[in-house]
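When a ligand or atom number is given, it counts from 1 through the structure's own listing order.
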Amino acid sequence: MSPAPPAQRDKTSATHGAVKQSYATSVGKCTYEMERDRIGIWGCGDSTSANKISGLDRLRHPGLNKGMAFTIEERQTLGIHGLLPARVKSQEEQVQMCKLSIERYEDPLNKYIYLMGLLDRNEHLFYRFVGENVADMMPIVYTPTVGLACQKYGLVYRRPRGLFITIHDKGHIYDILKNWPETDVRAIVVTDGERILGLGDLGACGMGIPVGKLSLYTALAGIKPHQCLPITLDVGTNNQTMLDDPLYIGLRQRRVRGPQYDEFIDEFMDAVVRRYGQNCLIQFEDFGNANAFRLLEKYRGKYCTFNDDIQGTAAVAVAGLLASLRITGKKLCENTIVFQGAGEASLGIASLCVMAMIAEGCSDEKARSRIWMVDSKGLIVKNRPEGGLNEHKERFAKDHAPVRTLEEVVDVAKPSVLIGAAAIGGAFTPSILRKMGAINDRPVIFALSNPTSKAECTAIDAYSNTDERAIFASGSPFPEYRTKSGRILRPGQGNNSYIFPGLALGIICAGIIDISEDFMLLAAEALAEIVCQEDLDQGSLYPPLKDIQDCSVKIAKKIVEHAYQTNKASVFPQPENTEEFIRAQMYDVRYAAAVPPVYTWPRDDVLRVDMI
Ligand SMILES: NC(=O)c1ccc[n+]([C@@H]2O[C@H](COP(=O)([O-])OP(=O)(O)OC[C@H]3O[C@@H](n4cnc5c(N)ncnc54)[C@H](O)[C@@H]3O)[C@@H](O)[C@H]2O)c1
Ligand SMILES: O=C(O)C[C@H](O)C(=O)O
Ligand SMILES: [Mg+2]
């Protein structure tokens, strides 16, 4: 069975009603045929005749190149014999070589450049290497090193990887999408670079984030690389350092806002639907606060979209909180939660917490009463003298006199859970942490801000100021911690990377367009369920990173099943075996045969004369 084309793509106008897709798997195709089709897409040859494809093209195409793993037979058939050294390597040997190569670099940015170079040369090898070494490689291709790479993107940028669409392309966005050589795009991660991690406005240099997120789509959830498209919408930057930097790669102008910006994003959304179909997932990433909430409200339910910083973060944090209940023995609604920050991450988490508390049987009002939020002006209270509370913050405003500092809020609220997402490095001072330890037997401390320099506290801070009783998680990874008694604690990474790859896999497989909040709570519950006693005993509220690929499939399975139960799926018929259905669509990191198998006599499948 051929992979079904995404529904309604490349029609002249965008339509957003539900469209049924056929069973979109590539199960029936052998890998050789799939590779051959892809060469056709890139225009390197006739898609019906593998023999016409230049061997050199295969060496240059990251999706087809195997480097020294081309067999002698392949080298001869493809006309690349002699272009490679005599030795034929296995992919396993190549993976070993990658390990040796990357270990030679000390500077993380050089490791990043090496890995991006590998991705540009040999996709299968990159994904196998990263997939087999997730805990070591994620901090390079993703948080925290990707933050550094974005800050230096002018230096790091080598080859096209994704699309830059500028505000000057307004009116022609569809034409730019058509310049992307792949037609079967199922997932886009898009940024406008305004809030890159906790590093602020990096303009077009934010491209490192969609590239990094989508590399995790493949490495952690097996979504095929050619189905993923990173996009940066370049509307300028207000970062003067970037504007003054001769290496800056984006438009040298201040950010466009207002109706022109809105029309630009509207055109982008419609162009994606027109080009790739309404089932193409659009993940919003690292937009500035005001646009992030506004655009989510505007597009959710109408386009296949979610905001990772609001919704993905909510799911991973709630998963961690649900897992923490197994240690504290409480219900979620019995906790008092203080947030440092009241932006995308914090408000997203707070809203999903309310939903989870309501699911426990608590009222909406009581659930909200459990949540205290602190922003740059202090505790969020009703009738704040400065005014200016938006509707999201208003929902959590306390009937309380103004309280200015986080420490004072901790004194007043006496929280059992402290969550930081304000990008203020070190905001959880030793004094605040000691207070959390004094109020609680097992204080829950989440330092979610990224990258590491923005974390509210380190794992060492959290443990050492609470007599090692803290239940700690962080957005960026921290090394393991040895307690005074010699126990090893492995703090879990409360990062949306535990959620978005599996969520996206489920969305794509079932063809979900309306990604409602119930999917986020479901993903949170699914992730929390995977956490085992051994993880908790080691101080982690999340499964180890080495198991994250399995987590993605388990999350995707729940998402797909729920989509069929709630009539949100658009891929029919409903698969009998959900997991098999999902796995059949996943990327295989192993190389496919580059030439058709040559049959030698006697063939097993042919009746031989001497057998008659
Ligand atoms: N771990 C994860 O998966 C994850 C996910 C999303 C965001 N984050 C991180 O969270 C941080 C914030 O992201 P966001 O999207 O919520 O940003 P945002 O800009 O939407 O929100 C930041 C919030 O911090 C508040 N703030 C600023 N200064 C403050 C201060 N001195 N005291 C208290 N509050 C203050 C702001 O008022 C705002 O409410 C970033 O570092 C980001 O990397 C982590
Ligand atoms: O990118 C990350 O590491 C998580 C999150 O999306 C963030 O913006 O910090
Ligand atoms: Mg983000």
Side-chain angles (χ1 to χ4, degrees), residues 138-139 141-147 149-150 189-202 206 208-216 283-294 296 306-320 338-350 372-380 384 386 388-390 392-393 396 403-409 418-429 432 446-456 473-477 492-501 542:
M138 239 176 84
V141 291
Y142 191 65
T143 307
T145 307
V146 73
C150 287
V189 175
V190 63
T191 189
D192 73 354
E194 191 173 3
R195 199 285 276 137
I196 294 299
L197 309 176
L199 302 169
D201 182 353
L202 299 187
I209 295 294
V211 169
K213 294 268 173 186
L214 283 168
S215 73
L216 298 194
Q283 172 175 327
F284 277 72
E285 193 66 53
D286 290 9
F287 279 68
N289 183 298
N291 288 327
F293 283 104
R294 227 167 39 82
L296 177 60
F306 73 94
N307 182 299
D308 185 39
D309 299 295
I310 302 172
Q311 298 170 284
T313 311
V316 79
V318 169
V338 166
F339 285 89
Q340 154 85 346
E344 299 170 47
S346 297
L347 285 165
I349 301 167
W372 299 63
M373 307 207 84
V374 179
D375 68 6
S376 55
K377 299 186 181 80
L379 179 65
I380 294 185
R384 199 182 229 190
E386 301 90 339
L389 285 188
N390 61 35
H392 304 285
K393 291 185 182 183
F396 295 99
V403 183
R404 290 294 163 202
T405 69
L406 177 65
E407 184 154 355
E408 287 165 335
V409 174
L418 184 59
I419 297 181
I424 307 289
F428 295 170
T429 59
I432 290 176
F446 287 1
L448 297 185
S449 291
N450 297 315
T452 318
S453 60
K454 304 289 178 186
E456 286 70 19
S474 55
S476 299
Q493 196 174 342
N495 190 296
N496 48 35
S497 54
Y498 271 104
I499 296 291
F500 68 77
Y542 298 97

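With a 4.0 Å heavy-atom cut-off, ligand 2 is reached by no atom of Ile196. Under 4.0 angstrom from ligand 1, the non-hydrogen atoms of Asn496 come from both its backbone and its side chain. Of all the heavy atoms of Glu344, the ones lying under 4.0 Å from any atom of ligand 1 are found in both the backbone and the side chain. Residue contacts with ligand 2 for Asp286 involve side-chain atoms from C-beta outward but no N, CA, C or O (heavy atoms, distance under 4.0 Å). Contacts with ligand 2 closer than 4.0 Å are made by no heavy atom of Thr313, backbone or side chain.
Of the polar atoms of Gly343, at least one N or O is found under 3.5 Å from an N or O of ligand 1, judged by distance alone. For a threshold of 3.5 Å applied to N or O pairs, the pair formed by Gly494 and ligand 1 contains at least one separation below that value. At under 3.5 Å, not a single nitrogen or oxygen of Lys393, backbone or side chain, sits near a nitrogen or oxygen of ligand 1.
For ligand 2, the atoms closer than 4.0 angstrom to any heavy atom of Glu285 are 6 (O). For ligand 1, the atoms lying closer than 4.0 Å to a non-hydrogen atom of Gly198 are 40 (C), 41 (O), 43 (O). Atoms of ligand 1 found under 4.0 Å from any heavy atom of Ala342 (numbered from 1 in listed order, with element): 23 (C), 38 (C), 39 (O). Close contacts between ligand 1 and Ile424 involve ligand atoms 28 (N), 29 (C), 30 (C), 31 (N) [criterion: under 4.0 Å to a heavy atom]. Listed by number with element, the atoms of ligand 2 under 4.0 angstrom from any heavy atom of Thr143 are 1 (O), 2 (C), 3 (O). Here is the list of ligand 2 atoms found below 4.0 Å of a heavy atom in Lys213: 1 (O), 2 (C), 4 (C), 5 (C), 6 (O).
Relative orientation of the Tyr142 and Phe500 rings is tilted, given thresholds of 30° and 60° on the angle between their planes.
Closest protein heavy atom to atom 16 (O) of ligand 1: Ala345 N, 2.9 Å. From the protein, the heavy atom lying nearest to atom 14 (P) of ligand 1 is Arg195 NE, 3.7 Å. Distance from atom 44 (C) of ligand 1 to its nearest protein heavy atom, with residue and atom name: Leu448 O, 3.1 Å. Here the heavy atom of the protein found nearest to atom 34 (N) of ligand 1 is Asp375 C, 3.2 Å. Summary of contacts: the protein heavy atom closest to atom 20 (O) of ligand 1 is Asn289 ND2, 2.7 Å. Annotation: atom 12 (C) of ligand 1 to nearest protein heavy atom, Ala421 O, 3.4 Å. When hydrogens are left out, the protein atom nearest atom 5 (C) of ligand 1 is Thr313 OG1, 2.9 Å; that is the closest non-hydrogen contact. When only non-hydrogen protein atoms are considered, atom 35 (C) of ligand 1 lies nearest to Ser376 N, 3.4 Å.
Listed by chain and residue number, the protein N/O/S atoms under 2.8 Å of the Mg ion (ligand 3) are Glu285 OE2, Asp286 OD1, Asp309 OD1, with waters left out.
One N or O on the side chain of Thr145 and one on the backbone of Pro139 form a donor-acceptor pair closer than 3.5 Å.
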